[in-house]
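Here you go, one structure.
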Amino acid sequence: MKILILNGPNLNLLGTREPEIYGTLSMEEYFEKLKSEFSSHELKYYQSNIEGEMINRLQEDDFDALVINPGAYTHYSYAISDCLKNIRKPKIEVHISNIYKREEFRQKSVTAANTDAVLSGFGMDGYRLAILSFK
């Protein structure tokens, strides 16, 4: 199975960004662990701080399943939400922190309604749990 992991804005700073919330492991380090654990799958990783680039990547349609962490776009990107609506493949939204324990504006996801499930608050392991859910 080809699985795309797509991260949104500021998630390129994982490992240094607010380590008390996001931990000290970079996504690149964690991605290597995921590739090792899920060697029977083809994992692809893409990160962008730019909404349109994320949409363009989603529309490449070269994956069988999607793990997406839209970052701050979670809370207001109807463009990404509309794009997700048109993807007829398994898709899981992941948030490293528990968004429901954070600021009020972070507690609403406009993208979640167009995914199959949401994992929030499991740290980086949320990505692993999402991959495990794909059959």
Side-chain angles (χ1 to χ4, degrees):
M1 177 179 281
K2 295 178 183 176
I3 301 171
L4 173 63
I5 298 172
L6 177 61
N7 274 349
N10 298 311
L11 293 169
N12 58 307
L13 301 176
L14 290 173
T16 59
R17 175 187 179 200
E18 299 176 273
E20 66 282 1
I21 296 173
Y22 299 104
T24 57
L25 198 61
S26 74
M27 188 62 192
E28 289 73 18
E29 293 168 319
Y30 191 70
F31 185 64
E32 289 305 314
K33 290 181 179 189
L34 290 174
K35 286 195 306 187
S36 176
E37 181 175 352
F38 297 102
S39 58
S40 63
H41 298 299
E42 182 182 333
L43 301 184
K44 300 176 181 193
Y45 174 64
Y46 185 80
Q47 185 279 328
S48 180
N49 294 318
I50 301 169
E51 183 180 36
E53 287 181 0
M54 292 177 65
I55 292 167
N56 286 342
R57 181 64 188 92
L58 289 168
Q59 291 178 356
E60 285 183 29
D61 195 35
D62 60 348
F63 53 91
D64 303 311
L66 173 67
V67 178
I68 184 169
N69 182 341
Y73 290 133
T74 300
H75 317 296
Y76 62 88
S77 179
Y78 293 98
I80 290 174
S81 183
D82 286 347
C83 184
L84 289 169
K85 185 186 292 186
N86 289 304
I87 296 173
R88 305 281 184 241
K89 300 173 184 185
K91 48 194 181 280
I92 308 289
E93 181 171 304
V94 168
H95 298 286
I96 297 167
S97 67
N98 181 348
I99 62 173
Y100 302 102
K101 291 179 91 175
R102 301 202 51 204
E103 303 94 330
E104 187 176 340
F105 78 92
R106 293 188 197 276
Q107 296 177 19
K108 169 124 174 90
S109 171
V110 300
T111 52
N114 293 311
T115 63
D116 300 310
V118 177
L119 290 163
S120 178
F122 289 97
M124 297 288 268
D125 243 8
Y127 295 96
R128 181 180 167 276
L129 295 169
I131 294 168
L132 283 171
S133 76
F134 298 135
K135 306 278 184 214

Distance in Å, R88 CZ paired with K91 NZ, rounded so as to fall on 0.5 Å steps:
7.0 Å
Which distance, rounded to the nearest 0.5 Å, do you find between the CG of L13 and the CD of E18?
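Nearest 0.5 Å value for the CG-CD distance: 10.0 Å.
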Do I55 and I50 belong together in a cluster built from hydrophobic side chains that touch within less than 4.5 Å?
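In one cluster with I55: I50, no.
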Please check if Y30 and L4 belong to a single hydrophobic cluster, counting links between Ile, Leu, Val, Met, Phe, Trp and Tyr side chain heavy atoms closer than 4.5 Å.
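Hydrophobic grouping puts Y30 apart from L4.
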Side-chain heavy atoms of H95 within contact of P70, under 4.5 Å:
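Yes - at least one pair of side-chain heavy atoms lies under 4.5 Å apart.
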I'd like to check the ring pair (Phe, Tyr, Trp, His ring centres under 6.0 Å) partners of Y127; sequence neighbours left out, ordered by chain and number.
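Ring pair (Phe, Tyr, Trp, His ring centres under 6.0 Å) list for Y127, sorted by chain: empty.
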Could you list the residues that satisfy ring pair (Phe, Tyr, Trp, His ring centres under 6.0 Å) with F38, not counting sequence neighbours?
none
Do E93 and S109 pair up side chain to side chain, a donor and an acceptor below 3.5 Å, judged on atom types alone?
yes
Given side-chain contact (heavy atoms from CB on, under 4.5 Å), test I87 with L58 step by step and report yes or no.
CA-CA 8 Å; I87 296 173; L58 289 168; 3.9 Å; yes
State, yes or no, whether a side-chain contact exists between C83 and M54 at a heavy-atom distance under 4.5 Å.
no
Note, F134 side chain near I92 side chain (heavy atom, < 4.5 Å):
yes
Please tell me if the side chains of L34 and R128 come closer than 4.5 Å, counting only heavy atoms from C-beta onward.
yes
With a 4.5 Å limit on heavy-atom distance, are the side chains of R57 and K44 in contact?
yes
Not counting sequence neighbours, which residues clear ring pair (Phe, Tyr, Trp, His ring centres under 6.0 Å) with Y45? List them please.
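Result, ring pair (Phe, Tyr, Trp, His ring centres under 6.0 Å) vs Y45: F31.
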Using a 3.5 Å distance criterion without hydrogens, assess whether the side chain of S77 forms a donor-acceptor pair with backbone atoms of T74.
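Not a single qualifying donor-acceptor pair exists.
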Atom of A65, atom of M1 and distance for their closest heavy-atom approach
CB-SD, 3.9 Å
Report yes if some heavy atom in the side chain of L25 is under 4.5 Å from a heavy atom in the side chain of L14; otherwise report no.
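Sidechains of L14 and L25: no contact.
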So do the side chains of I5 and M27 get within less than 4.5 Å of each other, counting heavy atoms only?
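Yes - at least one pair of side-chain heavy atoms lies under 4.5 Å apart.
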Applying a strict under-4.5 Å side-chain criterion to I, L, V, M, F, W and Y, I'd like to know whether I3 and L129 cluster together.
yes
Give me the atom names and distance for the closest heavy-atom approach of D116 to P90.
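It is OD2-CA, 3.2 Å.
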Working to the nearest 0.5 angstrom, can you tell me the gap between I80 CD1 and N114 CG?
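One gets 11.5 Å once the value is rounded to the nearest 0.5 Å.
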Begin from the C-alpha positions of S48 and E53 and carry the test side-chain hydrogen bond (donor to acceptor under 3.5 Å, both in side chains) through to its verdict.
CA-CA 7 Å; S48 180; E53 287 181 0; 2.7 Å; yes
What is the minimum heavy-atom distance between V110 and S81, and which atoms define it?
O-OG, 2.9 Å
Please name the pair of heavy atoms, one in S97 and one in I21, separated by the smallest distance, quoted to 0.1 Å.
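Closest pair (atom of S97, atom of I21, distance): CB-CG2, 3.7 Å.
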Please find the pair of heavy atoms, one from D64 and one from K89, that lie closest to each other, and give the distance.
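Looks like O-CB, 3.5 Å.
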How long is the span from the OH atom in Y46 to the CG atom in N56, to the nearest 0.5 Å?
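Here the rounded value is 7.5 Å.
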Validation row: L66, L84 side chains within 4.5 angstrom (heavy atoms):
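Side-chain contact under 4.5 Å: yes.
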Return yes if a side-chain donor-acceptor contact under 3.5 Å exists between N49 and Y73, otherwise no.
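No - no donor-acceptor pair under 3.5 Å links their side chains.
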For N69 and V94 the tightest heavy-atom approach is CG-O, 3.0 Å
Any link between V67 and I99 through a network of hydrophobic side chains (Ile, Leu, Val, Met, Phe, Trp, Tyr) touching at under 4.5 Å?
no
Does L6 share a hydrophobic cluster with I96, counting links as ILVMFWY side-chain heavy atoms below 4.5 Å and allowing steps through other members?
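In one cluster with L6: I96, no.
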